[in-house]
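Encoded as structure tokens, the structure appears first; notes follow it.
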2 protein chains.
Amino acid sequence: MSSSGTAGRATTLSDVARRADVSIATASKALNGRFDVAPATRQRILAAAAELDFSPNPMAKGLSADRSGTVGILTGDLEGRFMIPILMGAENAFGTGRVNAFLCDARGDQIREQHHLKALLVRHVDGIIVVGPSTNPRPSLGQDIPVPVVYAYAPSEDPRDTSLTSDEVMGGRIQVEHLIACGRTRIAHISGDPTFAATQNRVQGIRQALDAAGLELVGPPLLSQWSEAWGRDAAAMLLERHPDIDAIACASDQIARGVLDTARDMGRRVPEDIAVIGYDNWDVLALNSRPQLSTIDANLEELGRLAAHQVFDAMDGTDTSAGSKNLPVRLVIRGSTIASR
Amino acid sequence: MSSSGTAGRATTLSDVARRADVSIATASKALNGRFDVAPATRQRILAAAAELDFSPNPMAKGLSADRSGTVGILTGDLEGRFMIPILMGAENAFGTGRVNAFLCDARGDQIREQHHLKALLVRHVDGIIVVGPSTNPRPSLGQDIPVPVVYAYAPSEDPRDTSLTSDEVMGGRIQVEHLIACGRTRIAHISGDPTFAATQNRVQGIRQALDAAGLELVGPPLLSQWSEAWGRDAAAMLLERHPDIDAIACASDQIARGVLDTARDMGRRVPEDIAVIGYDNWDVLALNSRPQLSTIDANLEELGRLAAHQVFDAMDGTDTSAGSKNLPVRLVIRGSTIASR
DNA sequence: TATTTCTACGAAAACGGTTTCGATAGTTTC
DNA sequence: GAAACTATCGAAACCGTTTTCGTAGAAATA
């Protein structure tokens, strides 16, 4: 009812044109930086637009030009802990700019994914970010999509697609490098579901670091589930079978939390007797344990940001860096590997 | 490059019209269920549309009709643990339907929020869902917004707005009712940041339940932070000062986890000696503790779903149930309050 | 001065739909 | 058999932009 605010018919380009006493064609050109408009006229038009608080109707814009100013974010499963930071990074990259993001959650369902994809294309999104719940490669959406597609976290199985993923091998490697730097030599590894690519890659990285130092893993890697309970059980087995280990590299903070509990139960001090390092830097878990967890941070928000920029670049034709990229991870040192002061 | 797939120019209404040998006007009417088109003709047109796999261009549609088929989801801070289920519920309600959601994360910034709001309105969204990171009331977006707005989780300060929030008082109440049903009578309460509405509301609910049973809280409610560490510290204080308590109602699963740790450290058995109940049903925490946590589930996904439907109703003019609603919460019973078999 | 070249601008055609309204043909009514 | 309806359809305006292309006038050239 009040006349302030955003109510009432939105001001349109022809309003601006009328006020600046030019045709809408000229107004359009002036506002878009076309060059066949006299400087004085352009000023007049810009002023008029500013006074009327004009912003062009994206739908109308999208009809003629085929840029809609939107991108689709197609997630495999929002539930996952890893989606959120990536989402945040991406959304933030669009940020205050001209483009908005459609969020589509496929809930782990292929059919729903196809449906959402269709909807996004019908809406003429300018690009698509596909973010998967794990680092396991996922089926490609196909090559016949008329807009750029970037796969985040879960890479596409098709090498022709461009994917951004986290360097899991590096993650395993710097876990162990850190443990060695802390003077540990009898190192064991507890990880999650062996069918996960992350599991295998981290084991690989861990072996690399051990090899480089002339060391060997104590016992085989213990692979089972991504749960705290498994961390407890595995640690118990480990400490019983190899009482002399002095460090455990865990493939998730959840597992590490379990390990911490078992160590405490069995009277081993962390980090004095056993150093423990986690993976994920999930603050809820890592910051509230006793002691706080040293861990690996995959920079997921940065990954999301990069995915967004990759889409931008591809949209702008700057389709340079095709192919996939493996983003470096980061070591976070806390009390579970180094006694505080 | 392949000719299958979605590539190539999208099929348009005039394609359909041509194939059905009618004008685009008639085609439009047929597809939209207008009634001045002969049954036979309509069939022909529908068939043509189906064969060509036609779907109307939402932008063109949005230009004439003023329905864009989109809604905006304006979140205060994606980081929060509570946003995600709500987001999922809402997104899923739009689901396979005709409407897609713009995701906007204000990152706790008023200015960014205004900016996003502006962008959503310029895009002519048909509705807006504002989801806040806590149950604290938040400033209204104002009354002069031309589309329906629903506030989820964090209600609007303005009673004229329609808000959907979680019944925190009920949450506190059924926590204690459950503890009492388990035979506990000496009940204490550990909660989080006292400036949170949730904190106060839950205390209120707890008092209601105790009053109804003729009981009193053991000691004052301990209010400080939403962290596991605080849960540990508070529990230690509590057990020292009141060694005879037999139950602790915690205002978050994080706090409950801390309490569990302290109980174990001090040799109290859970649930035999002390029953512990959490709040949030955050599976990562609640399912991996020893024992698993009884807790309160706020049905956040349902809340998101309802918010979406509320927007739908308001869009369709079925603007019935204005005003705010307080959604019931749900008790989840696990091992921390009842010994397993 | 007459011609050519620019420059700055606007008329009009898209873009892909919806909607109003008039036209046509077939039916009914008197 | 003419008038009045009714049912079905299509021409055209419109939504708010962008873009092409034509043109008037000024400036440069002959």
Write down the distance between [atom1] ([X]) and [atom2] ([N]), rounded to a whole number of angstrom.
X       : N      : atom1 : atom2 : answer
A:Phe35 : C:dC9  : CZ    : P     : 14 Å
A:Arg18 : C:dG10 : CZ    : C1'   : 16 Å
B:Asp15 : C:dG16 : CG    : P     : 9 Å

Should [X] and [Y] count as side-chain neighbours, where that means a heavy-atom distance under 4.5 Å?
X        : Y        : result
B:Glu91  : A:Cys104 : yes
B:Thr70  : A:Phe102 : yes
B:Ile45  : B:Leu31  : yes
B:Arg138 : B:Leu141 : yes

What does A:Asp66 touch in the nucleic acid at a heavy-atom separation under 4.0 angstrom: a base, only the sugar-phosphate, or nothing?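 The answer is nothing, as A:Asp66 stays clear of every strand by at least 4.0 Å.
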
How is A:Thr26 classified with respect to the nucleic acid when contacts are heavy atoms under 4.0 Å: base, sugar-phosphate, or nothing?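 Since a base atom lies under 4.0 Å of A:Thr26, the category is base.
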
What are the 5'-most and 3'-most nucleotides of DNA chain D lying under 4.0 Å from any heavy atom of chain A?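 Reading along DNA chain D, I get D:dG16 to D:dT19.
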
Partners of A:Glu301 by side chain to side chain contact (heavy atoms under 4.5 Å, CB included), sequence neighbours excluded?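 Partners of A:Glu301 under the side chain to side chain contact (heavy atoms under 4.5 Å, CB included) test: A:Met88, B:Arg107.
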
For A:Thr135, enumerate each residue passing the side chain to side chain contact (heavy atoms under 4.5 Å, CB included) test, keeping only those at least two apart in sequence or located in another chain.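 If we apply the side chain to side chain contact (heavy atoms under 4.5 Å, CB included) test to A:Thr135, skipping adjacent residues, the hits are A:Tyr153, A:Glu168, A:Ala197, A:Ala198.
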
Going by side chain to side chain donor-acceptor pair (under 3.5 Å), name the residues that satisfy it together with B:Ser166, two or more places apart in sequence or in a different chain.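 Side chain to side chain donor-acceptor pair (under 3.5 Å) list for B:Ser166, sorted by chain: empty.
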
Side chain to side chain donor-acceptor pair (under 3.5 Å) partners for B:Arg123, two or more places apart: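 With sequence neighbours excluded, B:Arg123 shows a side chain to side chain donor-acceptor pair (under 3.5 Å) to A:Asn100, given in chain and number order.
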
With sequence neighbours left out, which residue pairs that include part of residues 71-84 of chain B fulfil the side chain to side chain donor-acceptor pair (under 3.5 Å) condition?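 Of all non-adjacent pairs touching residues 71-84 of chain B, those that pass side chain to side chain donor-acceptor pair (under 3.5 Å) are B:Thr75-B:Asp105.
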
Salt bridge (Lys or Arg N to Asp or Glu O under 4.0 Å) against [X], all qualifying residues, sequence neighbours excluded:
X        : answer
B:Asp109 : B:Arg112
A:Asp297 : A:Arg330
B:Asp158 : B:Arg160

On DNA chain C, nearest-nucleotide positions of A:Arg42 versus A:Ile24: which is more 5'?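 The residue mapped nearer the 5' terminus is A:Arg42.
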
5'-most contact on DNA chain D: B:Arg44 or A:Arg34, nearest heavy atom basis?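 Result: B:Arg44.
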
If each of B:Val37 and A:Ala27 is mapped to the nucleotide of DNA chain D with the nearest heavy atom, which maps nearer the 5' terminus, i.e. the 5' end?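 So the residue in question is B:Val37.
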
Residues of residues 53-65 of chain B with any non-hydrogen atom less than 4.0 angstrom from an atom of DNA chain C: list those, numerically ordered, please.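 Hits under 4.0 Å, by residue number: B:Phe54, B:Pro56, B:Asn57, B:Ala60, B:Lys61, B:Leu63, B:Ser64.
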
Bend across the helix from C:dT1-D:dA30 to C:dC30-D:dG1, to 10°, with axes taken over 5 pairs at each end?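 The end axes of the helix from C:dT1-D:dA30 to C:dC30-D:dG1 are about 60° apart, to the nearest 10°.
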
For B:Ser23 and B:Thr26, indicate whether the former's side chain and the latter's backbone hold a donor-acceptor pair under 3.5 Å.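 Here the side-chain-to-backbone pair exists.
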
Interface polar pairs with nucleotides 20-22 of chain C, N/O, under 3.5 angstrom:
none

